[in-house]
Structure formats: structure tokens, C-alpha cells
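Just so we're on the same page: letters track the sequence lines, and every chain starts at 1.
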2 protein chains.
Amino acid sequence: MEIIRPYLLFLGDAPDQLAAKTAAGVVDWRRDWCVGQMRLPGCGADVGLPDMDVAEAVRQGAKTFVIGVVNAGGRLPEHWIDAIVEAIGRGLDVASGMHVRLASFQRVAEAAHAHGRKLFDLRASTERFATGNGEKRPGRRVLTVGTDCSVGKKYAALALEAEMRDRGLDAEFRATGQTGVLIAGRGVAIDAVVADFIAGAAEWLSPAAAPGHWDVVEGQGSLFHPSFAGVTLGLLHGAQPDAFVVCHEPTRKTMRNVSHALPSIAQVIEATVSAGRLTNPDIRCVGVAINTSALPEAEARATLEKAAAAHGVPASDPLRFGMATIVDRLLEEFPAPR
Amino acid sequence: MEIIRPYLLFLGDAPDQLAAKTAAGVVDWRRDWCVGQMRLPGCGADVGLPDMDVAEAVRQGAKTFVIGVVNAGGRLPEHWIDAIVEAIGRGLDVASGMHVRLASFQRVAEAAHAHGRKLFDLRASTERFATGNGEKRPGRRVLTVGTDCSVGKKYAALALEAEMRDRGLDAEFRATGQTGVLIAGRGVAIDAVVADFIAGAAEWLSPAAAPGHWDVVEGQGSLFHPSFAGVTLGLLHGAQPDAFVVCHEPTRKTMRNVSHALPSIAQVIEATVSAGRLTNPDIRCVGVAINTSALPEAEARATLEKAAAAHGVPASDPLRFGMATIVDRLLEEFPAPR
């Protein structure tokens, strides 16, 4: 799926900032792709874009109406449907990360059909994949992995891409989750793929490339998460990364939504190397990314130094201190081809 | 899904015995559930049941018309559709392990609707699952795992169930693939589940049970198969087995359909224990099942003795020498509750 930009980010009447997480992620990384935000009365979220309605967004060139809000249960209030239908009527495609398909709302389906607009269900891939073949592909790949879900794998990957591009490297973020797909404009929500095709979808997502090209693949889940480790392993095998960065959130007490303890960073490195060797015998860890936002700066720096010493790779907080040290290590380990 | 028996096994015009693998599996393990086989002119397969047409099968009490043939590409010749529609018209449900859904053939869908019959697409689960929670459930579980796909995991699990039942144990085969579902009458094709729900589907398949109950869970794929390891890992985490049996096919040169080398049995034991500990810290190997059909008896016995000595657990060929030694070990390791 290739989502046409620029976007109008629809926040509906999201009760708070957290509910607009998807929209906020797009603004953090692709501010230039967004003409504005559209909020309904009662909206408690604000992603810092100019407020506008559909008509104004169309005047400013918007091509896709992006539902930037998480909606528990997948039910759409009637006034959201009105807004979606209006957007379609004015010529916009619609992209949604809800579990429920856009076309399952009859008025939305009819409007899209009548106006020849596309409906992108980011969580329900319609792409058909082959099963993975495990053959090593040319080009380089770096994958973010995690001690848990929601520990910053997407942000670490995007920060890696940004730092690598700043240095003139040919690097491309490869999205594997709904927000990532909006940020990349393409990709696949890997957890929505049929189980048989996880690795195959990852192979499709990161195809053969020039020797100097880097795909920066967004990781999902954790090899130690009892709900999602199968997704993580299939993605690891299909992505066949040369390098990986372990992401960690030090205030997390248990794995997300379950009662299991978090693995150590060392366990994640060991398990990733052990499993990843199946499709890339040279796989190695090149860095640790720690979300230190809960810590004062001195403590944050001490935490990162300790992690770097313990694991023998650079450690950084991607948003606070950048990815320069980790990209340095990546290029030491994998020098550009001459 | 619960498939009503007895079955009429439809072999169509399968060119050879291998194409009727699904039907043969059902006959091997559930002969009593089958009233007969239905073959069309040109059929090169025979699973040893009385030949009959739909009318005769209905007279003998058949409830479900089972398409027992693999059909590459999922296209159905017109004369198969005639037979399916006739079966529906005479009151039979239809079960199919084809990738393509039965209802996607318009005449089949219309007939099922008109006659109120059920269409079971064994490879396309419509059951909705929760994500796995990783919580330890009461009851005992044994899982078959493999060095590769198609190395006898289903047959080993069924042989385990048979041996355990012969000893009066409360044991139940839990099917995770299409043929297994026909043999159990229920289950879930785990590789057809959306990736997010692999572990959750395995938890659903093998729910909490009495302390003395054993679920014998059919394994899928291999932790070392680059196409399917994610499925294998999610199933392992969701099944949370106390015990596992490693299945191996010694004549296999590379992993099925890819060019990767087979792992050793020792590697499979180590990886299964290492990953399985996440949801069952006490997981252990209780046996090795080797398909020795290519070997003369003396050589087969020597191979099994060598494997038993190497891995410290009983080794057997389930079909040739039975599962008694492995069940002995299982009960030594996990004595019945008093």
C-alpha cells in the first residue's frame, strides 16, 4: 500500500493527547507531510498543526484523510462517519489504523465507491505474500528489537534513518506497524498478516537492494513477550538483519499487558543473535537505545554509560542524545562498499 | 469448529496416492469415522474404504463431505463442484483444507445457504481469538516439535494419544493443522491465524483442564525453519507444554522447500527448552520420534539406540515400534496426581 500525501490528520473528539498517539507520531517524524489537523468539538488532543476543515485541507493540497486516533472497540460515532464521508466526497483517500475495516461502515464504503477513492486499513493488509524463503538478499539491514512491546523501536528506527541520511547514507525506514506505515507512506502491519506469511511479508517489505543501501526495519514485540514472540521471530527471520539495536524502557515493571518479568538487555542480545543466525549468520548488536525520559540528565547519562560498558556497544537515548554513536558503530562494523 | 461425523471422504480425480494425503491421514487414525470414499473417473488414489456415491453415503449415515485431496492453486474443476453441490443438496456439511474458501465458489455458497448446511474451511479459521496472556493453566500438556516441517509431528502426537489412552490416561489430541482438525473433529489451523493471535489461539485450543488431564498438542513447523519459525514459537508459547517430543526424519537433506541445513536434534531440544521456559519454566524433553521407514529393522533399531543415548531420553519410531517407552518416560517425569 502506498498512501498519497500530504495528509489531513483527523483527531475527532479524542479525549486526550494519548488517544492521538498515531497523529502525534506522524507529526514528530513527517511534519512536512501534514497540511493540518481537524478536530471536532470536545477534542482534548492537539498535535500542534493548524486547525482546518476538510474544504480548507483540500485547498492546501491534502490527498489523504488520516484517522490519527485510537478508538477502543472499533466503533465509530456517527459524527466521525459524517467527517469521513465528507472527506471522501471532496476527493480524499482515507487511512485508518483501527482494527475494524473502513469498508465495514456502509456509508463509508458507498462514498468510496461512488467517488473512486481508496480506503487504507493499515491494520488489515490485503497484500498477498509468499512464504519466506530465507535466502540472503543483497543490501544491508538494521532491525530494532526490544525487551518489550512499546519501548521505542519505531522511534529508534526513525532516529537511525534520520542520522544515517544526515550523513549522506542511502537509508530507508521500513514500517511494520500502523503508525510506521503512515510515517513511511508504505509498509505492512506485520502483526495483521496470516501467521504462515510473517517471514514472507518481512522479505517482501525489505527486498534485495544495492550493496550500500541500508533498510532500517521497525521491530515489533519482543522475543520474550508471551503474546507476540512469534511475530517478532518471523520478522527477525524475514528481515535477516546484519545489525540490530536493542530498545529498552527502564521504568517498565512487567511485560506489557501480561505479568511476565522483563528480560535483561543481555538476554535479548543473546536470543536475537541465536535466532537471527538462521537467516544471517553474521548478525550482531550495534547499540542499545534506552528511553531515559523519566531520569534527570546526569542519571540518564550514567545509565547509558553503564549499559554501554555492560554490552560492549554504544548506548543512547534516541530522542535525547541522538543516534550518532550507534551509527558510528554500525559503520565501523559494516563499512560502506568501495 | 466442530465437524460432525461420520465422513464421506472425497478423493475426486486425485492423480496419485500422495494427493490424497489428507484422506489417508483420516483413515489411518479415524477409520471408524469414515463410511466410505468417493472417487471420480480417473482417480489414482485409494484409501482403502468402500467406494460409494453421495446417496449411498447418506444412507450409511454420513454427515460431512470431506475433500480429502490437496489441490494446488485452489482451483476446483467443474465436476468437483457438481459433487460438492450434490452432497450439500443431500444434507451433508462440507469440510475442505484448500487455501481458497468453499464459499468463494458461487454454486457452493448458494447451495449451502439454500440447504442450511455448514462449510468448514479448515485452513481459514473464522474463530476470533484473544492475544495470548502467557498465564500457566492447570492440566498437563505435551507438544511434538520437529527438526523440520513434515517430519511426523502429527503422527507422533496421535500415537502418543493412542498409547496414553490404552493405559487409561485422560489424553486428548489437540489439532493445529487441517488434517489434524479432521482427525480430531475440531481444532484450529494455527498457521492460518492472524499473526497477533498465534499464542492466543494455542491457549484457546488447549484450555485449563483437570490436573491429571493431558493435552497432546500437534506441533507445526520448526524453530529452525526460516519460513515458519514464528508459527512454531507462538504455538510453543501458547501451548506452554510440560513435555515435548522431538520428531525427526533422517533422510531429509535440507529444510523443506528451502535450502537451509537441518538442525540437529540437540539444537532443537536446546532451543525448545530455552524458548519454552518463558511460559513453562519446567519444560523438558521426554523423547525423540524418528521416522525410520527408509531403514532396515536392525539399522532402524541402532539409529534409535544411538539417539536415545545421545539425548538421554527414549527414542522410537511411532509407527514401527510404538510410543510405550516415551510414555513411560513422560509418566516418570510427570507422575499422575494422587
Less than 4.5 Å to any heavy atom of chain B: does that hold for the side chain of A:L236, its backbone, both, or neither? neither
A:T131 and B:F228 have their tightest heavy-atom pair at CG2-CE2, 3.6 Å
Looking at A:E135 and B:H260, what are the two nearest heavy atoms and their distance? N-CE1, 4.4 Å
Between OG1 of B:T232 and CG of A:L233, what distance do you get to the nearest 0.5 Å? 8.0 Å
So which atom in B:H237 and which in A:P226 form the shortest heavy-atom distance, rounded to 0.1 Å? CB-O, 4.0 Å
If you count heavy-atom pairs within less than 4.5 Å of chain A, which of B:V231, B:L278, B:V258 leads? B:L278
Given heavy-atom pairs under 4.5 angstrom as the criterion, report whether the side chain, backbone, both or neither of B:I198 touches chain A. side chain
Check whether more than 12 heavy atoms from other residues, nucleotides or ligands sit under 6.0 Å from atom NZ of A:K253, and answer yes or no. no
Taking all atoms of both residues into account, what is the closest heavy-atom pair of B:S227 and A:A199, and its distance? O-CB, 3.8 Å
Between atom CG of B:D196 and atom CD of A:Q220, what is the distance when rounded to the nearest 0.5 Å? 8.5 Å
With only heavy atoms counted, which part of B:I190 is less than 4.5 Å from chain A, the side chain, the backbone, both or neither? backbone
Between B:A130, B:G134, B:A201, the one whose heavy-atom pairs under 4.5 Å with chain A are most numerous: B:G134
